[in-house]
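These notes are about the structure you will find just below.
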Amino acid sequence: MSDAIARRSAAAQEEGRRIYEHWAPKGTHECFVQIKPEDLDAVGGEEGFVEIFVVFYKLMLEDPRMNVLFDKRFEDVNVPAVEHGKRLAYWYLQRYGGLPVYGPLRPGNIFANLGKAHKRSQNCPMRPEKQQGKGFTVDQRDIWIGYQMMSCRECKVPQQVEEKLMMLHAGYGMAFIGPFIKA
């Protein structure tokens with residue numbers, strides 16, 4: 001891993017942990033928020049919203065600590081950051097914004113699709129053997145959240161939308177993705 005990527009990963013981990021520790025204790029009830037039309041307008045519409053997640057996946061795929069979660073033996077995993085970003089952005093827009101954009105892109109139950117993707121990640125043979133088949137690590141959780149924040153900053157997401165996304169990522173979503181394991 002290059003020094004620059006290692007520093008960025010460490011910074012993401014530190015920031016992600018801080019964000020998680022702030023939002024997770026508030027619980028899912030307080031952290032469930034809707035993505036509203038004015039939130040989309042504030043980030044440049046659907047295209048701007050997707051770009052946040054594209055930048056996020058570029059960071060994820062460049063980081064050796066995180067790209068071990070992508071089992072590229074599967075055709076739908078072995079796609080560029082743009083495709084991963086569009087999928088997750090559309091998932092968020094359908095789940096939290098009520099826009100019917102994810103279903104046409106990825107047919108089936110949106111929760112089952114996410115669960116399938118997470119199981120593949122947890123079982124990815126690129127993960128250290130002792131972690132395969134287990135939950136995501138605390139460090140992976142924190143880096144994931146940190147990269148979400150970095151992508152918001154890079155895309156100049158307004159503070160009120162950034163806060164909503166961090167609430168959804170750290171305070172709401174992680175409650176359903178855990179428990180997390182110590183590496």
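- Among residues two or more places apart in sequence or in another chain, the side-chain contact (heavy atoms from CB on, under 4.5 Å) test is passed with Pro125 by Asp71, Arg73.
- Rounded to the nearest 0.5 Å, atoms NZ (Lys72) and CG (Asn67) are 6.5 Å apart.
- Listed by chain and residue number, nothing satisfies the ring-ring contact (aromatic ring centres under 6.0 Å, His included) test with His22 (two or more places apart in sequence, or in another chain).
- Counting only residues at least two apart or in different chains, side chain to side chain donor-acceptor pair (under 3.5 Å) contacts with residues 144-154 comprise Glu15-Arg153, Asp63-Tyr147, Gln148-His169.
- Listed by first and then second residue, the side chain to side chain donor-acceptor pair (under 3.5 Å) pairs involving residues 42-60 are Glu46-Tyr90 (not counting sequence neighbours).
- Distance SG/Cys155 to CD/Glu162: 11.0 Å, rounded to 0.5 Å.
- Applying the side chain to side chain donor-acceptor pair (under 3.5 Å) criterion to Glu129, with sequence neighbours excluded, gives no partner residue.
- Note: Tyr92 and Phe53 meet the aromatic proximity criterion, with ring centroids under 6.0 Å apart.
- With contacts defined as side-chain heavy-atom distances shorter than 4.5 Å, the pair Ile143/Ser9 qualifies.
- With a 4.5 Å cut-off on side-chain heavy atoms, Arg141 and Phe136 do not count as touching.
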Leu105 vs Glu83, side chain to side chain contact (heavy atoms under 4.5 Å, CB included): CA-CA, chis, key distance, verdict: CA-CA 10 Å; Leu105 182 67; Glu83 182 63 25; 4.2 Å; yes
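- The side-chain contact (heavy atoms from CB on, under 4.5 Å) test applied to Gln131 returns Arg127, Pro128, Thr137, Gln140, Ile181, Ala183, not counting sequence neighbours.
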Considering only distance and modelled atom types, tabulate donor-acceptor pairs under 3.5 Å from the side chains of residues 30-45, sequence neighbours left out.
unit_1: Asp39; atom_1: OD2; unit_2: Lys36; atom_2: N; d: 2.8
unit_1: Asp39; atom_1: OD2; unit_2: Lys164; atom_2: NZ; d: 2.6

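- Using a 4.5 Å cut-off on side-chain heavy atoms (C-beta onward), Met60 and His84 make no contact.
- Here the straight-line distance linking atom NE2 of His118 with atom CG of Asn123 works out to 13.0 Å at 0.5 Å rounding.
- In this structure Arg95 satisfies the salt bridge (Lys or Arg N to Asp or Glu O under 4.0 Å) test with no other residue, sequence neighbours excluded.
- Nearest heavy-atom pair across Met126 and Phe70 is SD-O, 3.8 Å.
- Every residue two or more places apart in sequence or in another chain that forms a side-chain contact (heavy atoms from CB on, under 4.5 Å) with Asp76 is listed here: Phe74, Arg87, Arg106, Arg120.
- Side-chain contact between Asn113 and Tyr102 is present, with heavy atoms from C-beta onward closer than 4.5 Å.
- Ala112 is linked by a side-chain contact (heavy atoms from CB on, under 4.5 Å) to Asn109, counting only residues two or more places apart in sequence or in another chain.
- Tyr96 pairs by the side chain to side chain donor-acceptor pair (under 3.5 Å) definition with nothing, not counting sequence neighbours.
- Under the rule for a side chain to side chain donor-acceptor pair (under 3.5 Å), the partners of Asp139 that lie at least two apart in sequence or sit in another chain are Gln13, Arg17.
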